[in-house]
Amino acid sequence: APLPPGSNASFAEDYLEKFFDLKNTNTSSSNNRRVSPFNLKLREMQQFFRLEETGVLDEKTLEVMNKPRCGIPDMAE
Amino acid sequence: YSTFPGNLKWPNNNVTYRIENYTPDLPRSEVDQVIKDALDVWAKVSPLRFIRINSGVADIMISFGRREHGDAYPFDGPDGTLAHAFAPSAGLGGDTHFDEDETFTSHTTAGYNLFNVAAHEFGHALGLSHSTDPGALMYPIYSYRDPSTFVLPFDDMKGIQSLYGVKNT
């Protein structure tokens with residue numbers, strides 16, 4: 001389901017779409033039981049920033065996402 | 001370090017730049033000097049030479065803007081994204097935009113130091129993508145380094161030299 005606007009998860013989703021090429025997943029089936037693209041991209045982002053690769057949105061990951069930064073994506077398509 | 005797909009770079013070592021507008025945060029002369037110093041960071045370790053022009057279209061068009069500012073990548077207000085620059089190519093390629101909603105400084109640690117931001121963005125304008133080395137200038141997160149003692153980190157030097165070669169001495 002779409003993430004509630006203004007939530008940390010929504011912020012993280014925006015961040016991953018902008019800088020790690022996360023495709024908008026709002027149209028995906030709710031019956032999909034595979035690992036979500038969001039969690040895979042989060043893991044990718046954590047690897048890039050040398051954070052613990054959990055695929056879970058934790059405080060340290062959010063802290064990095066909130067730091068001032070350059071607007072160019074970190075991963076090429 | 002990393003480069004853009006296809007190792008995008010300028011076809012010759014003489015690269016032109018133009019400052020299209022200024023931030024009210026700093027005197028114009030200071031912006032001119034900071035931009036020159038930030039380009040020199042890359043010229044010191046490569047054969048690149050930067051030539052300033054005051055009219056017409058330069059390879060690197062430099063501007064300050066806020067929110068939607070004429071490309072497909074609007075800025076986001078204070079903090080968050082500070083600036084962006086496009087990889088070398090015709091048109092928008094090489095162009096470097098700073099978010100006017102930030103407070104830019106040149107001699108203090110308050111706000112965001114324009115030299116630090118500009119030197120990073122010019123790395124993109126010359127063909128470098130983001131580095132995963134937290135000590136590199138091309139690491140995507142802002143950190144303050146004293147411009148008067150700044151030395152280009154090894155990772156960035158190797159990156160720019162992989163595209164343009166070493167400086168002829």
Side-chain angles (χ1 to χ4, degrees), chain A residues 2-28 35-77, chain B residues 1-8 65 67 69 71-87 94-99 101-104 111-113 116-144:
Chain A
L3 298 163
S7 67
N8 282 342
S10 172
F11 166 75
E13 191 176 60
D14 287 345
Y15 183 97
L16 294 173
E17 281 176 11
K18 196 168 173 188
F19 298 116
F20 284 84
D21 194 33
L22 172 67
K23 305 293 184 216
N24 189 310
T25 54
N26 286 349
T27 54
S28 64
V35 179
S36 81
F38 176 85
N39 295 101
L40 286 172
K41 281 292 173 185
L42 196 61
R43 194 180 281 272
E44 197 178 294
M45 179 252 171
Q46 289 166 331
Q47 183 188 44
F48 183 90
F49 286 108
R50 300 183 185 180
L51 299 165
E52 195 183 350
E53 291 174 48
T54 59
V56 174
L57 186 60
D58 53 23
E59 265 185 42
K60 276 196 170 174
T61 306
L62 264 173
E63 195 182 308
V64 171
M65 288 179 170
N66 275 299
K67 285 185 175 171
R69 56 159 295 143
C70 172
I72 294 282
D74 299 315
M75 295 289 168
E77 283 191 48
Chain B
Y1 70 86
S2 77
T3 55
F4 293 106
N7 287 339
L8 295 171
R67 302 289 178 175
H69 56 278
D71 60 27
Y73 306 92
F75 285 131
D76 55 0
D79 302 314
T81 294
L82 308 178
H84 57 217
F86 296 88
D95 293 359
T96 302
H97 302 157
F98 299 94
D99 185 353
D101 279 328
E102 313 303 342
T103 301
F104 290 110
Y112 296 111
N113 185 276
N116 284 264
V117 178
H120 173 100
E121 295 307 330
F122 292 148
H124 291 313
L126 297 172
L128 291 179
S129 187
H130 280 147
S131 171
T132 57
D133 179 349
L137 176 63
M138 293 314 293
Y139 193 63
I141 289 176
Y142 173 86
S143 65
Y144 175 78

Using a heavy-atom cutoff of under 4.5 Å, enumerate the residues of residues 41-59 of chain A that contact chain B, numbered in order, or state 'none'. A/F48, A/F49, A/R50
Aromatic ring centroids of A/F19 and B/H130 under 6.0 Å? no
Determine, step by step, whether A/F38 and A/E13 satisfy the side chain to side chain contact (heavy atoms under 4.5 Å, CB included) criterion, reporting the C-alpha distance in whole Å, the side-chain angles of both residues, the deciding distance to 0.1 Å, and the verdict. CA-CA 7 Å; A/F38 176 85; A/E13 191 176 60; 4.1 Å; yes
Test B/N113 against B/Y142 for side-chain hydrogen bond (donor to acceptor under 3.5 Å, both in side chains), laying out the working first. CA-CA 9 Å; B/N113 185 276; B/Y142 173 86; 5.5 Å; no
Can you tell me which portion of B/S2 sits under 4.5 Å from chain A's heavy atoms? Options are side chain, backbone, both or neither. neither
Under 4.5 Å from any heavy atom of chain A, what part of B/D99 do you find: side chain, backbone, both or neither? neither
Is it true that A/R69 and B/Y139 share a donor-acceptor pair across their side chains at a distance under 3.5 Å? no
Is a side-chain donor-acceptor pair under 3.5 Å present for B/D95 with B/H97? no
Does B/H84 have its ring centroid less than 6.0 Å away from the ring centroid of B/H69? yes
Other residues, nucleotides, ligands: >12 heavy atoms within 6.0 Å of B/Y73 OH: no
Go through the atoms of B/A87 and report whether side chain, backbone, both or neither lie under 4.5 Å from a heavy atom of chain A. neither
Is it the backbone or the side chain of B/E102 that comes under 4.5 Å from a heavy atom of chain A, or both, or neither? neither
Report the C-alpha distance between B/F98 and B/V117 in whole Å, list the side-chain angles of each, state the deciding distance to 0.1 Å, and finish with yes or no for side chain to side chain contact (heavy atoms under 4.5 Å, CB included). CA-CA 8 Å; B/F98 299 94; B/V117 178; 3.9 Å; yes
